[in-house]
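Values below: every heavy atom of this structure, side chains too, minus hydrogens, waters and symmetry copies. Each ligand, and each atom within it, is numbered from 1 in the order the structure gives.
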Amino acid sequence: MSIDSSLPICIAGQWRLGRGERYASRYPATGEVVAWLNAADLQDVEDAIQGAHQAFLHSGWAQRKPHERAAVLYRIAELIRQHGEDLAQLQRQDNGKPINETRALVASAAGTFQFFAAACETLEETITPSRGDFVSMSLYEPMGVIAAITPWNSPITSEAQKVAPALAAGNAVVLKPAEITPLLALQLAHICDAAGLPKGLLSVLPGKGSLLGDALTRHPLVKRVSFTGGTRTGKHIAHIAADKMMPVSLELGGKSPTIVLDDADLEHAVAGVLYGVFSSSGESCIAGSRLFVAQHLYDPFMQRLVDAASQLRVGDPADERTQMGPLISAEHRQSVERYVAMGLAAGGCLRLGGERLGGPAYERGFYYPPTILEGLSNRQQVCQEEIFGPVLVALPFTDEAQLLEQANDSLYALAAGIWSRDYKRAWDLGRKLQAGTVWINTYKQFSISTPFGGWRDSGLGREKGRLGILQYMEQKSLYWGMNQQPLAWAGLSREVAP
Ligand code: NDP
């Protein structure tokens, strides 16, 4: 197929063009077109949901034994691995992340399918202690059609974290990837087809969230929405869900504090803080973007941090040595720039970065350098709002009680980091920090077996973990009467033969 032809999209078991507007997916490093697509429109949403509903009712997927569903998910994991390099290269083009990062994301997606296959075939239902002449059980049923809505920053990983458990649980899924990063979701649908997933169980609808995501959320046949994205969109979805009495899971934004205590190992802390905020060019919900450093370490620590950050290799995502690629789009880079200007206007000063990179290597992409601001207070807008770019704000602290107050003083509560050699101190602080995830002497490390999610404006619900599959199931209690006599209340008693 020529690059000028539109890619077909996957709707209710058919690969065909969307009925919406034609648009291009572009490589953020050069602006070049990677692929053309026709977005889905509202009729496509309806077709996908009806197709998913029919597949849920009639494909037999929900009735398959758990180990049979698991077998398909294991095949999906295997196929993702087999096509790993192609997927990683495509993802690099779709969203501009460095190739080493996209390889890790693809491997993580394969691991997610494998993990939820295992969770599916080992899920136990229980016989609960009986308090009468009955046997009581607690069981789980699939819900029906699940809508999965994902952002642009980690395609295939975000998608796998929703699609794998939802399918494992026996549901059908309609997936809406971010408009600007649709390609990996479409490849995932091809892989699911090749692995033998029944037709119609997974549809992929590229296009605008305000149109398609909204319609999916409102649709009466959609029984749950699993959303990852911005807090404003998440709240909008939560309102619609409340009217439908529909459960939702919301993985939203963050402004995570990283704390360097006065007994920290400086080398480890510098490496961890750098990775925590600047990897993925800061386009990460868990970026450790608010740095608190013990006052008496502040100057030497900041000097080492600034020196190390200035050595980070920003550039071509295809180069294996690159640590930071471009930002996702010109608009997003402008938004990052506005935040830096706001920080400066509020009295902050730049320790590093803050200006676009010059030179031919950076002309066409949406590059922005590692940037460090200081001299601000935690209450200022730049320290409170998610910038979603390579911008760190650094604040010294003297008193640990005040530090805790400031670290927790945020609408967000997604993640936090602590650097200290004293494990008792770190334990104490770690328990008091309000966050879905706290890393101690490490940062941004993940395991699919560990639940993930946020408090407050960072979200509702948890993804991952062996029990992550349960959010896509309804719990049901089943009672089996074992009475020798009719229930006593009616006053009827059966004649017992002599
Ligand atoms: P958005 O909330 O703008 O978009 C996320 C998804 O929602 C996209 O697919 C988008 O579609 C869709 N969407 C937009 N409007 C609606 C609507 N009215 N109804 C339903 N769906 C809609 O976030 P970004 O794409 O800007 O992603 C960045 C955000 O995601 C950051 O805040 C980040 O912190 C958060 N995030 C959270 C993570 C977590 O696990 N907690 C992980 C990764 C990111 P489209 O883009 O096509 O318009």
message = I'd like to check M246 versus V248 (side-chain heavy atoms, cut-off strictly below 4.5 Å). Are they in contact?
response = yes
request  = Could you check atom 19 (N) of ligand 1 against the protein and tell me its nearest heavy-atom contact, residue, atom and distance included?
outcome  = D214 N, 3.4 Å
ask   = Any nitrogen or oxygen of E386, main chain or side chain, under 3.5 Å from a nitrogen or oxygen of ligand 1?
value = yes
ask   = Among all protein non-hydrogen atoms, which one is nearest to atom 23 (O) of ligand 1, and what is the separation to 0.1 Å?
value = G230 N, 3.2 Å
note = The closest protein heavy-atom partner of atom 36 (N) of ligand 1 is C285 CB, 3.6 Å
inquiry  = Please list the nearest protein heavy atom to atom 33 (C) of ligand 1 with its residue and the distance rounded to 0.1 Å.
reply    = F388 CE1, 3.2 Å
task = Would you check whether W152 has a nitrogen or oxygen atom less than 3.5 angstrom from a nitrogen or oxygen atom of ligand 1?
result = yes
query = Think K464 forms a cation-pi with F446, using NZ or CZ under 6.0 Å from the six-ring centre and within 45 degrees of its axis?
reply = yes
ask   = Does the side chain of S226 come within less than 4.5 Å of E251's, by heavy atoms?
value = no
inquiry  = Can you see whether N38 engages R19 through a side-chain donor-acceptor pair at a distance of less than 3.5 angstrom?
reply    = no
inquiry  = Regarding ligand 1, does G229 bring an N or O atom to under 3.5 Å of one of the ligand's N or O atoms?
reply    = yes
message = Geometry only, no angles: is T228 polar-contacting ligand 1 at N/O separations under 3.5 Å?
response = no
query = Looking at I149, which atoms of ligand 1 are within less than 4.0 Å of one of its heavy atoms?
reply = 6 (C), 7 (O), 9 (O), 12 (C), 20 (C), 21 (N)
inquiry  = Within the 4.0 Å heavy-atom shell around L414, which atoms of ligand 1 are there?
reply    = 41 (N)
message = Does the protein come close to atom 4 (O) of ligand 1 - that is, does one of its heavy atoms sit below 4.0 Å from that atom?
response = no
note = Residue pairs meeting ring pair (Phe, Tyr, Trp, His ring centres under 6.0 Å), one or both in residues 10-34, sequence neighbours left out, come to W15-H190
inquiry  = What protein heavy atom lies closest to atom 46 (O) of ligand 1? Include the residue and the distance to one decimal.
reply    = E179 N, 3.8 Å
Distance filter under 4.0 Å to A178 heavy atoms, resulting ligand 1 atoms = 9 (O), 46 (O), 47 (O)
ask   = Do you know which of F366, Y368, W152, Y339 makes ring pair (Phe, Tyr, Trp, His ring centres under 6.0 Å) with H332?
value = W152
query = Which atoms of ligand 1 are found less than 4.0 Å from any heavy atom of E251?
reply = 37 (C), 38 (C), 39 (C), 40 (O), 41 (N)
task = Answer with yes or no whether G207 contacts ligand 1, where contact means a heavy atom under 4.0 Å from a ligand atom.
result = yes
ask   = Should one rank L212, L252, T233, I328 by closest heavy-atom distance to atom 22 (C) of ligand 1, which comes out on top?
value = T233
key: Name of the residue among D44, I149, V174, V45 meeting side chain to side chain contact (heavy atoms under 4.5 Å, CB included) with L212   = V45
inquiry  = If the cut-off is 4.0 Å to any non-hydrogen atom of G213, which atoms of ligand 1 fall inside it?
reply    = 19 (N), 20 (C), 21 (N)
inquiry  = Just so I know, are the side chains of I9 and V204 near enough to count as touching, which here means a heavy-atom distance under 4.5 Å?
reply    = no
request  = Ignoring angles and geometry beyond distance, decide whether F452 reaches within less than 3.5 Å of ligand 1 through its nitrogen or oxygen atoms.
outcome  = no
task = Write out the residue and atom name of the closest protein heavy atom to atom 27 (O) of ligand 1, then the distance separating them to 0.1 Å.
result = P151 CB, 3.4 Å
key: 4.5 Å side-chain heavy-atom contact, L7 and W36   = no
request  = Could you tell me whether some N/O pair between G209 and ligand 1 is separated by less than 3.5 angstrom?
outcome  = yes
message = Tell me if the aromatic rings of Y362 and Y367 count as close, with their centers under 6.0 Å from one another.
response = yes
query = Which atoms from ligand 1 have a heavy atom of N153 less than 4.0 Å away?
reply = 43 (C), 44 (C)
ask   = Based purely on interatomic distance, does T217 place a nitrogen or oxygen under 3.5 Å from a nitrogen or oxygen of ligand 1?
value = no
task = May I ask you to test the T217-V222 pair for a side-chain heavy-atom distance under 4.5 Å?
result = no
ask   = Do you see a donor-acceptor pair shorter than 3.5 Å between the side chains of S6 and R22?
value = yes
key: Any S210 heavy atom less than 4.0 Å from ligand 1   = yes
ask   = Would R218 and D243 pass as an ion pair if we require N to O under 4.0 Å?
value = no
task = Could you say whether the N/O atoms of K208 and ligand 1 ever approach to under 3.5 Å?
result = no
key: Min N/O separation T231 to ligand 1 under 3.5 Å   = no
task = Return the option from H236, E283, K176 holding the heavy atom at the smallest distance from atom 18 (N) of ligand 1.
result = H236
request  = Distance to 0.1 Å, residue and atom name: give those for the protein heavy atom nearest to atom 6 (C) of ligand 1.
outcome  = T150 O, 3.5 Å
message = I'd like to know whether CZ of R232 has more than 12 heavy-atom contacts from other residues, nucleotides or ligands below 6.0 angstrom.
response = no
query = Would you call K255-D409 a salt bridge at under 4.0 Å N-O?
reply = no
message = Would you say that P177 contacts E159 through its side chain, given a criterion of any heavy-atom pair below 4.5 Å between the two side chains?
response = yes
task = Indicate whether the side chain of K176 and that of T150 have a donor and an acceptor atom separated by less than 3.5 Å.
result = no
ask   = Any N/O of F227 closer than 3.5 Å to an N/O of ligand 1?
value = no
inquiry  = Please work out, at 4.0 Å between heavy atoms, whether the side chain, the backbone, both, or neither of I286 comes within that distance of ligand 1.
reply    = neither
